[in-house]
Each structure stands twice: as structure tokens, then as C-alpha cells.
Protein chains: 2
Amino acid sequence: MNQSIPVNQVSSISKSSCQHCSLSNLCLPLALDSDDMNRLDEVVNRDRIFNRGEQVFTQSTPFRSCYAVKSGAIKTSVITESGDEQITGFFMPGELVGLDSMSDDTHASTAKALERTSVCEIPVEQLEQLAHTLPGMQHHMFHLMSQEIRNSHQLSVLLSKNTAEERIAALLLSLSTRFQRRKLSPTHFNLPMARNDIANFLGLAVETVSRVFTRFQNQGLIRARGRDIELVDLEALQTMAQGTAQT
Amino acid sequence: MNQSIPVNQVSSISKSSCQHCSLSNLCLPLALDSDDMNRLDEVVNRDRIFNRGEQVFTQSTPFRSCYAVKSGAIKTSVITESGDEQITGFFMPGELVGLDSMSDDTHASTAKALERTSVCEIPVEQLEQLAHTLPGMQHHMFHLMSQEIRNSHQLSVLLSKNTAEERIAALLLSLSTRFQRRKLSPTHFNLPMARNDIANFLGLAVETVSRVFTRFQNQGLIRARGRDIELVDLEALQTMAQGTAQT
DNA sequence: CGTGTGAGTTGATATGCATCAACCAGGGTC
DNA sequence: GACCCTGGTTGATGCATATCAACTCACACG
């Protein structure tokens, strides 16, 4: 497709173990010492690859595993009976997908790769087992899940209280901090998702998203060429998104 | 205040133990056999009472406990930096409040009693301990938290995809099923919250909520006298809320 | 090299709901 | 009983954003 599967993937699979994964300080291993990490290693089903547009799992199919994003990006969405999609989250490397179905028998949402994406599959049964034996793991799972709740609450705030500009500023900043967390540039990055996905996620029309992007550009806040985004005036974006916590 | 603290409270405190609580089939004990329930009993701080408007906990204060609603009702909300409130959920008897802060050191939201409310306080430290020793408890906690995530996703769908009428229909139906779960009438109940709270929760103006209520009334869908609500045409409400799952 | 297809942008118009404003009813207080 | 205060309702107007439509660009494909 394109040559955008860069360095980080290569480095993270170098040893094919959590110990040596470059994301270990973001992902599940965060909670574990190196002894315990071996236990996790035994359970993880590494290096599952999905091409852009492929589904990692599908709403109302049996729930077996959570997935940690290793490289690439994933969107999750729920489909309503009336047939339309609401994107509920974007997941970047180091983030865990599928928590909304924990201890449920079917998936509550659909996960789709936004670009070529590799994930680590973690069977729930064994994840629960692991959480049971390793208190640190249980604690971390609780932490991740509560964070997921807070994220979703923040989305609700965005959707019900903020203007189109504020929502988009908030999203850009959220992405920015998440890139930074991975030691990548917080001000210059490639959007993993299409305008369409942004619009859907933020409860806007595509046209509105497009207009806001150009308005931001004209105001000198950002520099955008397609999915290539440069945040020029972080301060201004932050004050614009004031009152909206970023993930 | 008023004489609206009825039967269910009395019955649920009769023995002051989870074993004999009338909500045991909805609340945490659901996950436990009677041996394990004693362990839970030892930990729970029962019969904390809050009057209408009193805060159960406050955003960014230290997080110590979760709370199970025993009678009454609670709303949770997050306050943005810009100062406005977004209600993130209503909690009825048998439901657990505070999961959005699990394994975090401060509360991510504020909880306020909507009417005179009694709760069981469950210190997190011991809840985690309990979850660690009792696998059923851990499983149940995961379940509750993932449910909370799904609820919040559903709220996002409502906020970004549905009209005012659809949102209100969905809320009424959600309340309906929750009353039914407690063996109360699913078609005739008292709203625990003010119009204001409904509006805030659903991302609408109070005036809009009011208008929709009267419109529903004129169409013969409901019968409303203040907070006293009768759902006359459940079917119609359901098709109106089509595509919005109820909790 | 033309042709098709999907993503993105831009403009013109429409609309659902917020906002502003006035009013009403119930209940607590003096 | 007069007062106020809060919660709720109803009407008139405005605005942010959806919708509809047209166009551009890039890229894939035969």
C-alpha cells in the first residue's frame, strides 16, 4: 500500500517477547516484573498481522481475546440496529483493544485495522487467570478498564458540550500526547484515520471536519497536507480545547 | 423532605448483610456463593445515608471506595475545566458507582444523591483483595467495568447520532428496564432526576426536554405529571429509540 | 494514456435545537 | 395571605452544523 510501516514495528518484534518489546513501558508488561513477564509471554499470541480495512474482531461474535496494538492503528465501533456506525475509539501502539467485552461472551464492538497493523492477541481466559495469580496484573487491568471508562466519558463531554473546532482540537491534542508517549514527535505526525473516521468519531459531518482543518490552517494553528499533520501552535490548540482532557 | 423512601429500603436493610439484602441478585453478591458472601459482608460499610443533593464523592479527591446504591438514586458527572458539568450516568439500587476511578488515586467524577439515598461503601483496597482471592469476584468486576464502558459507548451513540426524541425515548426505556429488573413496574415510575439532569445527560437544553415530554404526551406515548411517568405505548417508544440499546 | 473510483475540499441552502424571554405552579417562609 | 424561589412549560428567533451538490486530486487499473 504505502511505505508507512516504519521503524517501530521492526524494533518491537526484534526478540518476539514482551521483555524486549519497545512498548513494554506502555503496554501490559508495565505492571510486571521480569519474572512475571515470562508468564505473560507464554500466553501471548504474537505477530498477528492485519491489513488496512481488515477486521480484528466483529460485534456479537464470540469474545475470546483482547488485543494489544504493536504497530499500526485500530478503530473500534459499535453498529446500531438502524445500521449506522459510531466509532468509539482509536487505538495506537501500546494500547489494549477489546476491554468493552471483558467477561462477556460476545464482542460489544467491531475492531478494524486503519492501516497495516500488527497486534498481540491475549486470550481472555488466560488473561483472567494471570490477573488472578498476579495482583499487579489485576490492578493494572482495573486501571486500564477504568481509564477506558474515563475516555468514553470524555468523548461524551466532547459530543455534548463542545463545538466542532473544540472537538477537533481535542482530538489532535490527544493524538499528539499519544505520539509523544511513544517518543515520537508530538507536533508532526501522520493521521492514521481518514477524515470520514474523524467525523464519525466526533459526531460531525465530513464536510465540517474538512472546513475546520482548513480554518485551522488559515489561522496558522496547523499545517495539513492530507493525513500529514503538523501542529504549529500547540498553545492555541490547547486553549481552544480547554476543558477537554486529553487521553 | 418527602415520603418517597419506600418499601425497598426497609426490606434491603432488614438484616444488614449482603445475604439478606433484597438486591443481592443484582449487586456484587451476584457473583458469590454464600460462603464468599461473608467475606464481602465483613468489608462492606453499610447504611451510609445521603440526603438529596449531598455528594457521595467529589472529582479529584482521593479515591478510597466504590459505592453500591441500596435505595434512592445517584448521578455521576465530570466537571470540565471550563466549568460545566456533564452527567455521565444515573445509578439505581443494585448498581455500583465509582468504577471509573478503579485503581486510580483520585476520583474521576463527582457523585451526588438525587434523592435521599442509602449506599454500601466498599473500600477499594479490600475490594481488590477480595477480587484477588475470589475468582468469581474478579470476573464479576471485569464484567461490571466492561458493562460500564459499553454504557458509555451507548451514550456516545445517543449523543452523536440520535435526535432529541430518540434520546429521551431511549432514556425512558433504560429506566423502565432497570425498574423492571427490581420487580417494579416498568411502565409506571417516578423519575429520580430533574428535567435539568435529563437535559444535561442527553446533551439537550431543558426546554427541549420539556417540549419532547409534552409532544410524547400529546401523541399518547406517555403520561407525565411532573416526575411521575407512565409509559403508555412501549412499542412506539421502542421503535422510536430503535438502534439504541438500553442498559 | 484515458478512465474510473474514493477521499477530500468548497459553496449554497436547510433544519434541529439552543437561546432568549416570558410565564406558571407548587411549596417553603415570614 | 403575600412573598419568593425553584422547577417546569411555552413561544419567537438565531445559529451551528447537516445536507445537498459540484468539483478536484491522486492513484489504481485495463
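Reminder, nothing fancy here: chain letters follow the sequence lines and each chain counts from 1.
- Rounded to whole angstrom, the span from the CG atom of B:Asn190 across to the P atom of D:dG7 amounts to 17 Å.
- To the nearest 0.5 Å, atoms CG (B:Leu158) and OG (A:Ser160) are separated by 11.5 Å.
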*Using Watson-Crick and G-U wobble pairs whose two distances are both under 3.5 Å, how do you write the pairing of DNA chain C as dot-bracket, with | for links to another strand?*
||||||||||||||||||||||||||||||
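- Stacking of B:Arg116 on the aromatic ring of B:Phe50 is not recorded, the 6.0 Å distance cut-off and the 45° axial limit not both being met.
- Using a 4.0 Å cutoff on non-hydrogen atoms, the parts of residues 193-201 of chain A near DNA chain C are A:Ala194, A:Arg195, A:Asn196, ordered by number.
- Distance CZ (A:Phe213) to P (C:dG8): 10 Å, rounded to an integer number of Å.
- Distance check: B:Leu173 CG to B:Ile168 CD1 gives 12.0 Å after rounding to the nearest 0.5 Å.
- In this structure, the side chains of A:Met92 and A:Val69 stay at 4.5 Å or more apart for every pair of heavy atoms.
- Classified by interplanar angle (parallel below 30°, tilted 30° to 60°, perpendicular above 60°), the ring pair A:His107/A:Phe57 is parallel.
- Ion pairing between A:Arg48 and A:Glu121 holds under the 4.0 Å rule for side-chain N and carboxylate O.
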*Does the side-chain hydrogen bond (donor to acceptor under 3.5 Å, both in side chains) test come out yes or no for A:Glu85 and A:Ser77, once each step is laid out?*
CA-CA 6 Å; A:Glu85 174 186 28; A:Ser77 53; 3.0 Å; yes
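- Taking the ring centre of A:Phe213 as origin, the terminal cationic atom of A:Arg195 falls inside the region bounded by 6.0 Å and 45° from the ring axis.
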*How far apart are the C-alpha atoms of B:Asp100 and A:Ser146, what are their side-chain angles, what is the distance that settles it, and do they pass the side-chain hydrogen bond (donor to acceptor under 3.5 Å, both in side chains) test?*
CA-CA 4 Å; B:Asp100 58 350; A:Ser146 74; over 6 Å; no
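- One can place NZ of A:Lys161 at 15 Å from C1' of C:dT19, the figure rounded to the nearest angstrom.
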*How does each nucleotide of nucleotides 14-27 of chain D score, in 5' to 3' order, for protein heavy atoms under 4.0 Å: base (B), sugar-phosphate only (S), or none (-)?*
---SSBBB------
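- The pair B:Arg150-A:Asp104 meets the salt-bridge criterion, since a charged nitrogen lies less than 4.0 angstrom from a carboxylate oxygen.
- Taking a cutoff of 4.0 Å between a charged side-chain nitrogen and a carboxylate oxygen, A:Asp228 and A:Arg223 do not qualify as a salt bridge.
- Between B:Glu115 atom CD and D:dG7 atom P there is a gap of 15 Å when expressed in whole angstrom units.
- Protein atom CD of A:Gln217 is 9 Å distant from nucleotide atom P of C:dT9, rounded to whole Å.
- Straight-line distance from the CG atom of A:Asn218 to the P atom of C:dT9: 12 Å, rounded to whole Å.
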